[in-house]
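Can you keep this structure in mind? I'll have questions shortly.
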There are 4 protein chains.
Amino acid sequence: MQSDRVDLNADAGEGLGQDPALFRIVTSASIACGFHAGDPGTMRTAVALAREHGVAIGAHPSFPDLSGFGRREMVLTPGEVEECVTYQVGALADIAAGQGVRLQHVKPHGALYNMASRDPELADAIARAVAAFDPALVLFGLSGSRLLEAGTRAGLRTASEVFADRAYRRDGTLVPRTEAGAVVHDAAVVVPRAVAMVREQAVTADDGTRVALRVDTICVHGDTPAAADLAARLRQALGESGIQVASLSSS
Amino acid sequence: MQSDRVDLNADAGEGLGQDPALFRIVTSASIACGFHAGDPGTMRTAVALAREHGVAIGAHPSFPDLSGFGRREMVLTPGEVEECVTYQVGALADIAAGQGVRLQHVKPHGALYNMASRDPELADAIARAVAAFDPALVLFGLSGSRLLEAGTRAGLRTASEVFADRAYRRDGTLVPRTEAGAVVHDAAVVVPRAVAMVREQAVTADDGTRVALRVDTICVHGDTPAAADLAARLRQALGESGIQVASLSSS
Amino acid sequence: MQSDRVDLNADAGEGLGQDPALFRIVTSASIACGFHAGDPGTMRTAVALAREHGVAIGAHPSFPDLSGFGRREMVLTPGEVEECVTYQVGALADIAAGQGVRLQHVKPHGALYNMASRDPELADAIARAVAAFDPALVLFGLSGSRLLEAGTRAGLRTASEVFADRAYRRDGTLVPRTEAGAVVHDAAVVVPRAVAMVREQAVTADDGTRVALRVDTICVHGDTPAAADLAARLRQALGESGIQVASLSSS
Amino acid sequence: MQSDRVDLNADAGEGLGQDPALFRIVTSASIACGFHAGDPGTMRTAVALAREHGVAIGAHPSFPDLSGFGRREMVLTPGEVEECVTYQVGALADIAAGQGVRLQHVKPHGALYNMASRDPELADAIARAVAAFDPALVLFGLSGSRLLEAGTRAGLRTASEVFADRAYRRDGTLVPRTEAGAVVHDAAVVVPRAVAMVREQAVTADDGTRVALRVDTICVHGDTPAAADLAARLRQALGESGIQVASLSSS
C-alpha cells in the first residue's frame, strides 16, 4: 500500500496574486468560478497560465458567497447544490474550451467541501452534477470523506486529497483551524511529513495514533510568497525521494 | 420578400412571475444566466418549463449588472465581453444538458444588446463567443443591426428580431424609450401591426416612411399579466392570418 | 391583557411590484437594504412612497444572500452579523435622511429573523447593532422570541410580531412552511383570526391549545394582488372591530 | 503659492493585504464600501486599524461593479449616482460610529472618480450626496477637476489630489494608463517629484510645460510591498524637506 507518485494541487484564480509562481510548481489547479471569487476574466487568465505551464485544471465550485469567500456554511437543498455545481462547471468548461483545454477534475471549495466531507446527501448532489456533465472528470475530496464515497457511487474516478500542513484527528478528519496546533507552519516539519504521507499512505494523528490515509494529491497553499516557496521546497523534496509528481490525468 | 412563418420569443427566468403563462404562447425563450437576473435554480426551472411546453431555448447573456438589471451601459473591452458571454452560455448549456435539452440560440440582453447593435467590435466579440461554443447556435439581434452582420461574419445563422410594440426610425432603429410615442400600448394597434410586419417584411417609421425590415422573430413581453394576454392575442392573430408560428430550430 | 390598537407592517422594496398598493394599507414598512433584495434606487423609491402615505419605515437587514433572497441559513459569527446589520441600517438611514425621514424600527429578514428567534447570541448581536446606531429604534421580532428578549436586554423598545395567516405550535413558534397546514389561505378564516389575536392577545395552536401571545404588529404579505387585497380586508375588519390601526411611533 | 503641508492618502479595505503597512505611513485612508470591494467586516477592520494609528478616514464609494473592481465606466443617471454615494457613505459612517470614529472625507473610486473629474452633472450628484449627509465632510478629487468645482458649489471643503507616480498632460489631466510613460516606477524619480509638487504647487507635464496645480493630498498606492516601501520613502523625504505631513482634519 505504498506509492511513488502524487499530484500537487493548488487553488487558483482567486485574485491572491500568487498564480504565476504557483503554476511553475503544481501539477493540478482548481480555478474559482465566480461564486466565492473570480470572474470570466480571471478564469480565462488562469486557464491560459495553466496551458502555458502544462498544469491540469479543474473547477472549484462554491456556495454563492462572494462576501464570505465561500467559507460560510449555508443551508441549500441538495437540488440547489447540484444546480450551483452544474452552473459553475459548465461556465469554466466553456471558458477552457475556448482555449482548447478540457477539465481534468472538480474540487468543491471551502464550506461546500467541508460540509460535503461529512454529509452524504450533499456529497451525492455534487457527484451527480459532476457525473452528468462529464463522467470522465475526477472528483477531488478529503481523503476518507463522504464526498469520495459519493463520487464512487456516481461512477466517477476520485482523488484522495491530503493537507501536509494540517493536523489530523485519529478518525482521519482535520483538526479545525480554530484549535491550537491546527496548522503546521514550519517548513522543516511540513516537507518531510508530506513525503512520508505519500510513501506510507498514512499520517500520525494529533494523539499519536497512526492513521492509514490514501494520498493521491497534496493541496499546497499559495496565498503568500512564503507559501509558494514552501510548495517549491515540497516539490523538490518529493522528487529527491524518488516520488513522481504528476497530475491525475497524465499517463 | 414576403413570409408566412415567424418565431415568437420572450425573455424568461428573470423572476417576473409570468413564465408559466408565456411558455404556453411563445416558441422560443431567452433565459437569464445570472448576470442581470436569475441563478442556477431559476435557470433549471425555466429549462424544465420550456421542455414541458416544447419551447426552444437560448441564453440571454448580459453585462455583469445585477443591481441595474443589465440595462446600464458599461465599458468593457471586447475580450471581457467575449469572456462574459462564454461564461453565461456555458453555464446555461450545462444546466440544460442536465435535462437533455440543447440550446437553440443566444440573444444578448439589455444594454449589451443595444450597444452591440451599433458597435461592430462588441458585436464581433459576442459572435466569436457564440461560434466558439457551438457554430450551430442561432444569434438573435435587432433586425438590420451590426450584431447580425457580425454573426454572419462568424459563420453563424442569425435571426432578425422586431418589436411589435415599439416605434421605429426611418433608419430601422428603435425610437428610444425616453421619447414620447416610443412604446405602443394599444393591443388593437400592436396586433395587426405585427401581422403586417411579418407579411410584408417592412414597418412604417415614425415619420411615415416605409422601411424594409427582415422579420424572423418577434419579441413579446411578459412582465405583466396584460403583456402575456397581448402575446396570446398576437399568436392567435398570426395563426388566423395563415402565418405559421414556429421556433427557428423546428423543421 | 386586551388591546385595542395594533400596527400593520409589510416588507417593502423587494421588487415584487405591490408596494404602491400596500403603502395605502399598512402603517409600517420594512425596507430591503441590498443584501437579500433592493438597491439604493429601490430604497429611495420606497422611502418616498412611505413619506407620501405617512407610513413609518424601518430597515429590513438580511444575511448577504442575493441569490437566495436571504432565506438560506448561513453560519456567520455574532461579530459578522453585527457588522452586516450596522451596514444595512446605516445605508438606509442615510437614504431616508436625504428625504427628511427617520427610521422607526429594524426588523431582520428571512433566515436571519428565524435564526435570531431561537439563538440568543445572534439575537444579542442584532440588538447591539440597533442600539448602537440609535437607542430610540424599535426592534421587531417574532412574538415570544429570543430576539425580543435580546432587544430588552439592550435597552430597546420592542414590537411583538404575529402572522395572521400562519399556524402556530403550542410553544408559540410557527409551524414550518414545509409542513401541511402551515399557511392559511382563506381570507374568511385569516381576517377574523387576526382580529381575535389582537383583541385577546392569544392564538389557538395547531393542537387546539390556547396560547397567550403579545401582539403589537401584524405582518401582512403583498407579494401578489390577492395578498394586498387580503391586507385591505384585514385593515377594514380591524377598524370595524374598534381596533385602532397605527404605527408604533404614532402617538 | 507655496505650501509646507500635505496629506498622504491611500485606498484601504480592498483586500490587497497591505493595509497594516500603509496605515503606519499615511495620514488619510479611503475605505472601500462594498460596491467595488470590501464588506461590513473589512470595513470594520479598516476603521479599527485607522483608529489605532490615528489615520483620518473617508468613504471610497464606487459604481456597483464588484467583478470589475469599479474600474469600468457605467452609465447611471445623476439620481442613481447620488443614491449609490448616499448608501455607501451611510453604511461606512455607521460602521465607523460603532467604534467612535467620524468620517473626515469622501473620495469617489475608479471610473466614478474619473468620470466625475470631467462630467459636471455627475460631479454635482456626488457633491449633493456628500453635503446632504454631512456638510463638514471634505470632498477629495483630482486637482483642477470638475469634481472639486462641484464640491465648492455644494458648499463643501475640498482637497485637491495629485498622483506622484503619474504623468500629467499640459491641461492638468493624467496621461491614461493605456499610454506609454503614464506611470513612473522609479522611486528615485517619484520621491523628489512629489516633494517638488508640494513645494511649488506645480508639475511638469509630459510635453515639458509647467502646469500650476494645487496639492492638498498625495495618493500613494499600497497594492504591493514595493508600493508600501515607496510610500514610506516619500513620507520620509517630505519630512526631511520641512513639509508637514498631516491629515486635512488635523489642526
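Here is how names work: the chains are called A, B, and so on, in the same order as the sequence lines, proteins then strands, and each is numbered from 1. Values below: all heavy atoms of this structure, side chains included; hydrogens, waters and symmetry mates excluded.
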Review point. Around atom CZ of A/R24, are there more than 12 heavy atoms of other residues, nucleotides or ligands at under 6.0 Å?
Key: no
Review point. Taking side chain as C-beta onward, heavy atoms only, is B/Y87 less than 4.5 Å from A/D94?
Key: no
Check your understanding: With respect to chain B, which residue among A/A129, A/C84, A/A91, A/A132 yields the maximal number of heavy-atom pairs within a distance under 4.5 Å?
Key -> A/A91
**Study point:** Option that, when pairs with chain A are counted at under 4.5 Å, heavy atom only, ranks first among B/R128, B/R44, B/E82
**Key:** B/R44
Check your understanding: Is the number of heavy atoms from other residues, nucleotides or ligands under 6.0 Å of B/R166 CZ greater than 12?
Key -> yes
Check your understanding: More than 12 non-hydrogen atoms from neighbouring residues, nucleotides or ligands closer than 6.0 Å to CZ on A/R146, yes or no?
Key -> no
Revision key, fill the gap. When rounded to the nearest 0.5 Å, the distance separating CD1 of B/I95 from CZ of A/F133 is 11.0 Å
Practice item. Answer yes or no: does atom CD of B/E121 have more than 12 heavy-atom neighbours from other residues, nucleotides or ligands under 6.0 Å? Key: no
**Study point:** Heavy-atom neighbours of B/R102 CZ exceed 12 at 6.0 Å
**Key:** no
**Study point:** Considering all heavy atoms, the nearest A/G41-B/E83 contact
**Key:** CA-OE1, 3.1 Å
Point to revise | Most contacts with chain B, counted as non-hydrogen pairs under 4.5 angstrom, among A/A97, A/P64, A/G90, A/G34 | key: A/G90
